[in-house]
Amino acid sequence: MFSKVLIANRGEIALRILRACKEMGIQTVAVHSTADADAMHVRLADESVCIGPAPAKDSYLNIPSIMAACEITGADAVHPGYGFLSENARFSQILAEHNIAFIGPSAHHIDIMGDKIEAKRTAKALGIPVVPGSEGGVTEDAEAKRIAKEIGYPVIIKAASGGGGRGMKVAKNEQEIGVALSTARTEAKAAFGDDAVYIEKYLGKPRHIEIQVLGDGKGRAVHLGERDCSLQRRHQKVWEEACAPTITAEQRDRIGMICANAVAEMKYSGAGTIEFLYEDGEFYFIEMNTRLQVEHPVTERITNVDIVYEQIRIAAGMEMTVKQEEVQFWGHAIEVRINAEDPETFAPSPGTISYYHPAGGVGVRVDSGVYQGYKIPPYYDSLIGKLIVHGRTRPECLQRLNRALDEFVVDGVKTTLPLFRKLIKEPDVIAGNYDIHWLEKYLAK
Ligand code: ADP
């Protein structure tokens, strides 16, 4: 096992990883920018190193600086969390060259899944159902029209290097395809430095359902069921559930095993998430994230598996402690993302938290890096915490969430808590009756 893990991240996820390390008897190193000197992850770590000024490109994305911090502290592994360098194959490669373990998959797997055309091709070859569309990249209008006609309109043109919901264009008919193709390529080039795009069928009312997997890198893998993350704003998830309100145990088993088998066959190592759109009883692969996800706690809550603990064990070459036949799904869990944002305009609201009282009690977990008096810096994403509740049934879980939202107080900055207090009273939310467009339509009312 590792003796010292450097956590190349900040905020709630840095704390989440730090807690797992402490429980495993592993020393922790926090890295931080000058803006984060007072952050909780810095206070709780055994050691800390300042790796640069506030902008992420100079600190949390600064590979030489992080390598120097490893060298100074003698860390023998790095956990990248999510975002920042978590899906950077080069970083994983550099660490390997310095005999420092990357707590995540191989550079090869990060590379394959980072290119969505390659990811889709790989998924299809491994027996995962994909959205009907082009086999590879598309550059010519005529070719785009031929494929679109074959799969039927509307279609969506997506950037191979896309991420964060950017670089996508919908074409409703043949007249729109030329412009959609050229704007998608121009935007993809500007945003990602790569103009490769592909076409797929545009699904009108899908849910976003993803499968959590763990692979040991030697051909053994398990799935931990699904999460429904359909409540999204601008393709960003705001509310996540496990199990999904609409999926049966048979469907979970079937798609879960398809994913676990694929991951085993790839000899994938570590935690991953295979994301699908789900419509009319069918699953359609859209991408695989080769890292820990923000919403992993809902899965932890219903399966009693500590995903970060397993990630660390796998990276250290040890056996996973999870066996598929032992995985059970207990009750229902919901996570809401508390962002320091105006709950109506979603404008970021950095500033000092003047009063902080998190919810507590039975079935409540709060993953957060903030405290009373903490100054939220304006430089990073606005997630300040996650409220995760568990109940024996979905109705019980909703009641508990309602109660926990009532208790939760964050003063001094605006947060998305009021949005959740409204959502929990919406009949569609109570009924679990929503697709990926539901929240946008609700907010536009
Ligand atoms: P990114 O990596 O940018 O997040 P994804 O491929 O995961 O891109 O897609 C992000 C979101 O875009 C999905 O959650 C869904 O809302 C929408 N989307 C993507 N592909 C399709 C499709 N074929 N039909 C309908 N919506 C889609």
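Values below: every heavy atom of this structure, side chains too, minus hydrogens, waters and symmetry copies. All ligand and atom numbering here is 1-based and tracks the order in the structure.
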Could you list which atoms of ligand 1 come closer than 4.0 Å to a heavy atom of [X]?
X	result
Leu277	20 (N), 21 (C), 22 (C), 24 (N), 25 (C), 26 (N), 27 (C)
Lys201	22 (C), 23 (N), 24 (N)
His208	14 (O)
Glu275	7 (O)
Gln232	14 (O), 16 (O)
Tyr202	24 (N), 25 (C), 26 (N)
Met168	10 (C), 12 (O), 19 (C)
Lys158	6 (O), 19 (C), 20 (N)

*asked:* Are Tyr380 and Tyr60 an aromatic pair, judged by ring center distance below 6.0 Å?
replied: yes
What heavy-atom pair brings [X] and [Y] nearest, and what distance separates the two atoms?
X	Y	value
Ile51	Asn62	O-ND2, 4.1 Å
Ala359	Val366	O-CG2, 3.7 Å
Pro80	Asn9	O-ND2, 2.8 Å

Shortest protein contact, [atom] (heavy atom only):
atom	value
atom 3 (O) of ligand 1	Gly165 N, 2.5 Å
atom 15 (C) of ligand 1	Ile436 CD1, 3.5 Å
atom 13 (C) of ligand 1	Ile286 CD1, 4.0 Å
atom 11 (C) of ligand 1	His235 ND1, 3.3 Å

Going by atom types alone, do [X] and [Y] pair a side-chain donor with an acceptor below 3.5 Å?
X	Y	answer
Thr246	Tyr278	no
Thr299	Arg227	yes
Trp239	Glu241	yes
Ser368	Glu12	no
Gln311	His79	yes

_N/O separation below 3.5 Å, Leu203 to ligand 1_ = yes
*Glu287 to ligand 1: N or O pair under 3.5 Å?*
yes
*Using non-hydrogen atoms of the residue, decide whether Lys116 is closer than 4.0 angstrom to ligand 1.*
yes
_Nearest 0.5 angstrom please: His32 NE2 to Ser59 OG, how far?_
10.0 Å
